[in-house]
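A short write-up of the structure that comes next.
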Amino acid sequence: MAVKIKLKRLGKIRSPHYRIIVADSRTRRDGRAIEEIGLYHPVQNPSRIEVNSERARYWLSVGAQPTEPVLAILKLTGDWQAHKGLPAPAPLLQPEPKADKRALFDQLTKDIEGGPKGEAITQKKKADKKADEAEAPAAESTEA
């Protein structure tokens, strides 16, 4: 039985993502897999590539043949070089961590006004205003 390491396509029409699978070479592209060993999301920037290196190296060592796209992915992750005994490539690009929105807001308010002046004050509803107005004269009469 000839075993291939290939991509299994998932996702919607214009937003594909793939699973890296080990399957019999005679199965369909999205058919039954022997084992799933990784993920590939090309739409994200930079592309998300996750490969279980231990399993990929095992399948390469027992004779599984990667397809051309999977070979390119394995070269990026360094699993192909480890299998062939070549020097490792440069590390993959990682997405920058997203900035904290609260910290950005505080920084902008500090730049504009000289800093936040306390908690945000929301507008009171009409019923709350009437209740406050009713309490204000009553509080003044008790003070006198």
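Values reported hereafter were calculated over all heavy atoms of this structure, with side chains retained and with hydrogens, waters and symmetry mates removed. Along the sequence shown, residues carry numbers from 1.
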Tell me, please, which residues at least two apart from Arg48 pass salt bridge (charged side-chain N to carboxylate O under 4.0 Å, His left out).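 Once residues adjacent in sequence are excluded, the partners of Arg48 under the salt bridge (charged side-chain N to carboxylate O under 4.0 Å, His left out) criterion are Glu50.
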Salt bridge (charged side-chain N to carboxylate O under 4.0 Å, His left out) involving Asp24 - partner list, sequence neighbours excluded: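 In terms of salt bridge (charged side-chain N to carboxylate O under 4.0 Å, His left out), with neighbours along the sequence ignored, Asp24 is linked to Arg26.
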For residues 55-64, which side-chain N or O atoms pair as donor and acceptor with protein atoms under 3.5 Å away, sequence neighbours left out?
residue, atom, partner, partner atom, Å
Arg55, NE, Glu35, OE1, 3.4
Arg55, NE, Glu35, OE2, 2.8
Arg55, NH2, Glu35, OE1, 3.0
Trp59, NE1, Glu35, OE1, 2.7
Ser61, OG, Arg57, O, 3.4
Ser61, OG, Tyr58, O, 2.6

Glu36: side-chain hydrogen bond (donor to acceptor under 3.5 Å, both in side chains) partners, not counting sequence neighbours: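 So Glu36 forms a side-chain hydrogen bond (donor to acceptor under 3.5 Å, both in side chains) with Arg19.
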Results of side-chain hydrogen bond (donor to acceptor under 3.5 Å, both in side chains) for Arg28 - residues two or more places apart only: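 Arg28 satisfies side-chain hydrogen bond (donor to acceptor under 3.5 Å, both in side chains) with no residue once adjacent residues are dropped.
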Rounded to the nearest 0.5 Å, what separates atom [atom1] in [X] from atom [atom2] in [Y]?
X: Leu39; Y: Ile20; atom1: CG; atom2: CD1; answer: 7.5 Å
X: Ile21; Y: Arg29; atom1: CD1; atom2: CZ; answer: 10.5 Å
X: Ile49; Y: Tyr18; atom1: CD1; atom2: OH; answer: 12.5 Å

Provide the full list of ring pair (Phe, Tyr, Trp, His ring centres under 6.0 Å) pairs with a residue in residues 91-110, sequence neighbours left out, each pair given once.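 The answer is none; no pair qualifies.
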Atom pairs and distances, side-chain donor-acceptor, residues 4-16, under 3.5 Å, sequence neighbours left out:
residue, atom, partner, partner atom, Å
Lys6, NZ, Thr27, O, 3.1
Lys6, NZ, Thr27, OG1, 3.3
Arg9, NH2, Ile13, O, 3.2

Table please: side-chain donor-acceptor pairs of residues 70-89 below 3.5 Å, with sequence neighbours left out.
residue, atom, partner, partner atom, Å
Thr77, OG1, Ile73, O, 3.4
Thr77, OG1, Leu74, O, 3.1
Thr77, OG1, Asp79, OD2, 3.0
Asp79, OD1, Ser53, OG, 3.0
Gln81, NE2, Lys75, O, 3.2

Step-by-step salt bridge (charged side-chain N to carboxylate O under 4.0 Å, His left out) determination, Asp106 to Lys110: CA-CA 6 Å; Asp106 290 341; Lys110 192 182 295 183; over 6 Å; no
Which atoms form the tightest heavy-atom contact between Ser47 and Pro42, and what is the distance?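 Heavy atoms of Ser47 and Pro42 come nearest at OG-O, 3.5 Å.
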Honestly curious: do Tyr40 and Val51 fall in one hydrophobic cluster under the side-chain, below-4.5 Å linking rule?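 Same cluster: Tyr40 reaches Val51 through Ile, Leu, Val, Met, Phe, Trp or Tyr contacts under 4.5 Å.
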Using the side-chain contact (heavy atoms from CB on, under 4.5 Å) criterion, which residues pair with Asn45? Sequence neighbours excluded.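 Partners of Asn45 under the side-chain contact (heavy atoms from CB on, under 4.5 Å) test: none.
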